[in-house]
Structure formats: C-alpha cells, structure tokens
A.B. asks: 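Sharing a structure here in structure tokens format.
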Amino acid sequence: MFKVRLFFLATAFFVAGGTSFAQDAVIGYVKTVQGDAAIVVGGKAIKAEPATPVQIGNVLKTGKAGSMGVTFKDNTIMSLGPDTEITVDEYLFAPGKGDLKLSASMTKGSLNYVSGIIAKLKPEAISLKTPTGTIGVRGTHFLTKVEAEQ
Amino acid sequence: MGYALRRASLAMIVLGLAGCANRSYVVLLSNDDGTTGKVLVSGRGGATLLEKHHEGAAIGGPTGKTFIVSEDKIAKDFGAAMAARPKKPSIFLLYFETGDTRLTPESKADIPKILEEVNNRPAPDISIIGHTDTVGSDDENLALGLMRARLVAERIGTTKIGDRVSVGSHGEKNLLQPTPDNTAEPRNRRAEVTVR
C-alpha cells in the first residue's frame, strides 16, 4: 500500500514538473465541514476544516454526525454524508498533455458527486469503486449510498 | 391502477428485492443546467446504464434493473451529503493588450467582481491559466502566458486565499478562437481565472 501511494505521488510530481512541488501535489481543498470529519494522510487522521488540502492517496472520512464537501482542481465536487469513507486512489489533471484521471474507492456511507472538467474531457477516465461494483461517470451529477461489507 | 401508482409499486418491489442482497445503490440526478448525464454501474453480473433524473440501480444488483427513487428516500439517504455540497466554482476570463501583460480596460474593471467572488466563499482557492494568440514563437508565448497569469495572481491575491493559488500557462496551444499561426486575436489573449 505504501509503495503504491509513493508511486502515485511520484507520478503527480512528474506531471506537474517545474513549479513548486508542495502546491502541485494538492488536488483539492475541503470547503465545508459539519461535525466530525477528517482527512487521513498515511494512516494519520487530520481534523478537516475549510481549506484543508487533499492529496492523492488521502482518505476522506466523516463520523456518525459529520459531513464534508471537497472541491477538486478540475471542479469535481464530492460531498460526503455521515459515516462515510472515500479514498482518492488516482488523480491526474493536466489537460494540455491529455493526462486526465480520477479514481476513488468508497467503502461506506453516502456521497453527492458533481462531475468536473475530467468527466467532460475524458469520461472513461473516471471511476468510483465500491465493494460490490464500480460506478462510471458520463458527465453528470449522482448520489450513491454504500453499505459496508459485513 | 393508475400508471404512476403502478410504476411506484414496481419501484418498491425492485427496491425491496435489491435491498435483500445489498442496499448499496446509485441515483442519477439532473445537472444544474437542466441536462442529465449518464452513469454506468458495473458489477459482477454486468453493467446497468442510468439515463433519467431520479433513476437508480443497486450496485452489484441484477443487470439492467433500474428503479425510480422518491424525493423522500433521496432526502433521507442523502440530505446531509447534499447539504454539504460546496458552492459551484466560478470562472472569469480577463483579456490583455497585444504582446503585453496589460489588461484591457474592460477586464481591469472585472477585477473587483473576482474579488467579490473570493470574499463570498469560506475557504477560496484559485487557479489562473494564461493564454496568448499565435503571434510569436511557442516558447515566447508559453512564457508570456505565465507572465499574464502571475500578474493576475498578484492583482487578486489576498490574505483570504493565502497560498491556495496555482498559476499556469497554455501559451498559444489552447485558442479560444482558432486562427492560423502569427495571427493577432484579442479573444485569445486571455487569462482564465477559476474561483473555487
């Protein structure tokens, strides 16, 4: 798992090329928070607040009465209801080079998804994995509820 | 039995069946502009396409089986997630004088509108991409685009945004108005500002 994350980070740096690394590794920001919500970075939960950055490999997580909204660099919006967990596995947004990808895994909870520029330019590059199947997006707005595997 | 009622009870049966095996499901909603996209739900058995507002499918459910999800169920299952939705990003285009980083007078007058949008958001971040027309070389234009983007960043940078700014350039590679090489075109000399 650690190796995989390292690989994705390396990819993000490579694609960004040149300018400030720290800034380019950020793929989105937390915009709204209610109650308990965290960004899990390398297994460590950081309390989510508006302006908390999100990077590849991070887990978006809300507690029993929590909710949180994140806006990504390509204008994709994900807002999570209570008791939700979503990992951002891959994210590439370099339209000039045709590097576009957004893949995430949702293990439980509820999600409101509003697609952004990646879905417009390359819809097949988006996938949301759940324990029982995968959701592909063709430029749109949807909701999904995932029951955790027992 | 009325059509709507029949349809509703059918939906309930389908929902009930899906509920036995797995309660994970997807619902498609219309976009803000009134159009409706598509969602493809793939499981072990195959794939189900959703194409209508409020049309739902169980994730990992029977292939091709869809149902209509009621407003009540949507509110119950997704009320909190929907309420947490951040404000939609706003996009502004600013235009420049030829071969220069000077904004046109009209675009200069648009700067306060961008600042207002920034101030109306709780934790704003901005992206600025500079563009040029096709006068000059690719390399020169890539550099000019970046200078334009940086200039705009300076003009709208506030403590409220902090370091949540990203600047880039597409040079002459992303024309708003397609032209041959070495063509002066005011619509292509621009910076695109996204406020999130």
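Chain identifiers are assigned alphabetically (A, B, ...) following the order of the sequence lines, protein sequences preceding nucleic acid strands; residue numbering begins at 1 within each chain.
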A.B. asks: Tell me whether A/S110 contacts the main-chain N or O of B/F78 through its side chain, where contact means a donor paired with an acceptor under 3.5 Å.
C.D. replies: no
A.B. asks: Are A/M106 and A/I27 connected in a single hydrophobic cluster, I mean Ile/Leu/Val/Met/Phe/Trp/Tyr linked by side-chain heavy atoms less than 4.5 Å apart?
C.D. replies: yes
A.B. asks: Which one wins on heavy-atom pair count under 4.5 Å against chain B: A/P50, A/P123, A/A51?
C.D. replies: A/A51
A.B. asks: Identify whether B/V165 and B/I114 are in the same connected component of the hydrophobic contact network (ILVMFWY, side-chain heavy atoms under 4.5 Å).
C.D. replies: yes
A.B. asks: Which answer fits B/N174, side chain, backbone, both or neither, if we ask what part of it has an atom under 4.5 Å from a heavy atom of chain A?
C.D. replies: neither
A.B. asks: For chain A, which residues from residues 181-196 of chain B have at least one heavy atom closer than 4.5 Å to it?
C.D. replies: B/T194, B/R196
A.B. asks: What part of B/I74 gets within 4.5 angstrom of chain A, counting heavy atoms only: side chain, backbone, both, or neither?
C.D. replies: side chain
A.B. asks: Should A/L102 and A/L100 be regarded as members of a common hydrophobic cluster, given that ILVMFWY residues are connected when their side-chain heavy atoms come within less than 4.5 Å of each other, either directly or indirectly?
C.D. replies: yes
A.B. asks: Are B/L146 and B/L144 joined in one hydrophobic group, where the rule is that I, L, V, M, F, W and Y side chains link up if heavy atoms are under 4.5 Å apart?
C.D. replies: no
A.B. asks: Once you round to the nearest 0.5 Å, how far does CG of B/D77 lie from OG1 of A/T144?
C.D. replies: 10.0 Å
A.B. asks: List the steps, then state whether side-chain contact (heavy atoms from CB on, under 4.5 Å) holds for B/S24 with A/T130.
C.D. replies: CA-CA 9 Å; B/S24 299; A/T130 76; 5.6 Å; no
A.B. asks: To the nearest 0.5 Å, what is the distance between CG (B/L40) and OG1 (A/T134)?
C.D. replies: 9.5 Å
A.B. asks: Please list, one pair per line, the donor and acceptor atoms closer than 3.5 Å that link side chains of residues 62-71 of chain A to other protein atoms, with sequence neighbours excluded.
C.D. replies:
| from | atom 1 | to | atom 2 | distance (Å) |
| --- | --- | --- | --- | --- |
| A/T62 | OG1 | A/G81 | O | 2.7 |
| A/T62 | OG1 | A/D83 | N | 3.2 |
| A/T62 | OG1 | A/T84 | N | 3.0 |
| A/K64 | NZ | A/D83 | OD2 | 3.4 |

A.B. asks: Would you say A/I56 and A/V41 are hydrophobically clustered, going by side-chain heavy atoms of ILVMFWY under 4.5 Å?
C.D. replies: yes
A.B. asks: Identify which of B/H170, B/R121, B/K173, B/K38 forms the greatest number of heavy-atom pairs closer than 4.5 Å to chain A.
C.D. replies: B/K38
A.B. asks: What residues of residues 80-89 of chain B sit under 4.5 Å from chain A when only non-hydrogen atoms are counted?
C.D. replies: B/A80, B/A81, B/M82, B/A84, B/R85, B/P86, B/K87, B/K88, B/P89
A.B. asks: Of the backbone (N, CA, C, O) and the side chain (C-beta and beyond), which part of A/V33 lies under 4.5 Å from a heavy atom of chain B, both, or neither?
C.D. replies: neither
A.B. asks: Is it the case that more than 12 heavy atoms not belonging to A/K31 sit under 6.0 Å from its NZ atom?
C.D. replies: yes
A.B. asks: Counting heavy-atom pairs under 4.5 Å with chain B, which one of A/V146, A/N75, A/I135 comes out on top?
C.D. replies: A/N75
A.B. asks: Which residue is it: B/V26, B/L29, B/L28, B/V39? I am looking for the one with a side chain to side chain contact (heavy atoms under 4.5 Å, CB included) to A/L143.
C.D. replies: B/L29
A.B. asks: Taking heavy atoms only and a threshold strictly under 4.5 Å, list by residue number the residues of residues 90-105 of chain B that touch chain A; give 'none' if the list is empty.
C.D. replies: B/I91
A.B. asks: Which atoms form the tightest heavy-atom contact between A/K73 and B/S127, and what is the distance?
C.D. replies: CD-OG, 4.4 Å
A.B. asks: So with a 6.0 Å cut-off around NZ of A/K120, is the heavy-atom count from everything else above 12?
C.D. replies: no
A.B. asks: For the atom pair CG (B/L50) and CZ (A/R138), what is the distance rounded to the nearest 0.5 Å?
C.D. replies: 11.5 Å
